[in-house]
J.: 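To start, I am sharing the structure in question, which I have written as structure tokens.
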Amino acid sequence: MNLTAFSMIAGVPIRYARTKDHPYGTQGKPRTQQVTEEFLEKLDDCFTELWNVCPHGKAESITSGGAYVEKAGRHGEGRAIDIDAIWWANKVLITAGYNEHKRFYLGVEAIIRRHLGTVLGYLYNKAHHDHWHIDDGTEVKFTIRSRSRVMFMQAALLHIWGKHIAIDGIYGPATDGALRTCLDVNASVSYSEVWREWLLRTAVMGMGQKKEG
Ligand SMILES: [Zn+2]
């Protein structure tokens, strides 16, 4: 495993806010992290796109709880990062504040999901209420067997697309019916291109255009 140290993602400094002096919810202090070169490229692509699509543009800092750590799983392979918050000049997204800005949160998550397969956030479980866990251990692809993907889709359909459906992680007829009204006839979200296109439209709608999301 070849790790690369980095202090920026897509030109934006990484900070750390999980200490006594810099607690969660503050902008934190500069911190270098490590991931593989390949994973860093994916992060750069992901956040470059986020700065392009987001009405607030390029952020000023990204607060990360950590990337490579000596433990089992994707973090131990240098192929994961935890994101606590993103700070723009005129907007702050602290992930634990999901309930205060669901549309914006889900819009940002839609961009992340276009680049990295595994994204566990607020909806997934209590352990992820205060950060997004992001790794490339799974493909960028929609499958009804992925509870995190289905829950994200249901929340986006409800909060961004205005479809009245339950967020239960189960892809049933109600979710399927709601999704179909957001796709071209004959398009299936099981194709990566269709999934990624739907995510982009979801991101644009969720983050809003040139105003608060
Ligand atoms: Zn993690």
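We count ligands from 1, going down the list as the structure has it; atoms in each ligand are counted the same way.
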J.: Report the residues that fulfil ring pair (Phe, Tyr, Trp, His ring centres under 6.0 Å) with Y122, sequence neighbours left out, ordered by chain and then residue number.
T.: Y98, H129
J.: Only protein N/O/S atoms count here: give how many lie under 2.8 Å from the Zn ion (ligand 1).
T.: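 Near the Zn ion (ligand 1), the number of protein N, O or S atoms below 2.8 Å is 3.
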J.: Using distance alone, with no hydrogens and no angle criterion, decide if E37 and N2 have a side-chain donor and acceptor under 3.5 Å apart.
T.: no
J.: Mind checking ring pair (Phe, Tyr, Trp, His ring centres under 6.0 Å) for H133 and listing every partner two or more places apart, or none if nothing turns up?
T.: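 H133: ring pair (Phe, Tyr, Trp, His ring centres under 6.0 Å) contacts with H75.
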J.: Tell me, please, which residues at least two apart from H159 pass ring pair (Phe, Tyr, Trp, His ring centres under 6.0 Å).
T.: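 H159 satisfies ring pair (Phe, Tyr, Trp, His ring centres under 6.0 Å) with no residue once adjacent residues are dropped.
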J.: Between R196 and E193, does at least one N-O distance fall below 4.0 Å, as a salt bridge requires?
T.: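 Judged by the 4.0 Å cut-off on N to carboxylate O distance, R196 and E193 do not form a salt bridge.
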J.: Do R149 and T138 pair up side chain to side chain, a donor and an acceptor below 3.5 Å, judged on atom types alone?
T.: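 Short answer, yes.
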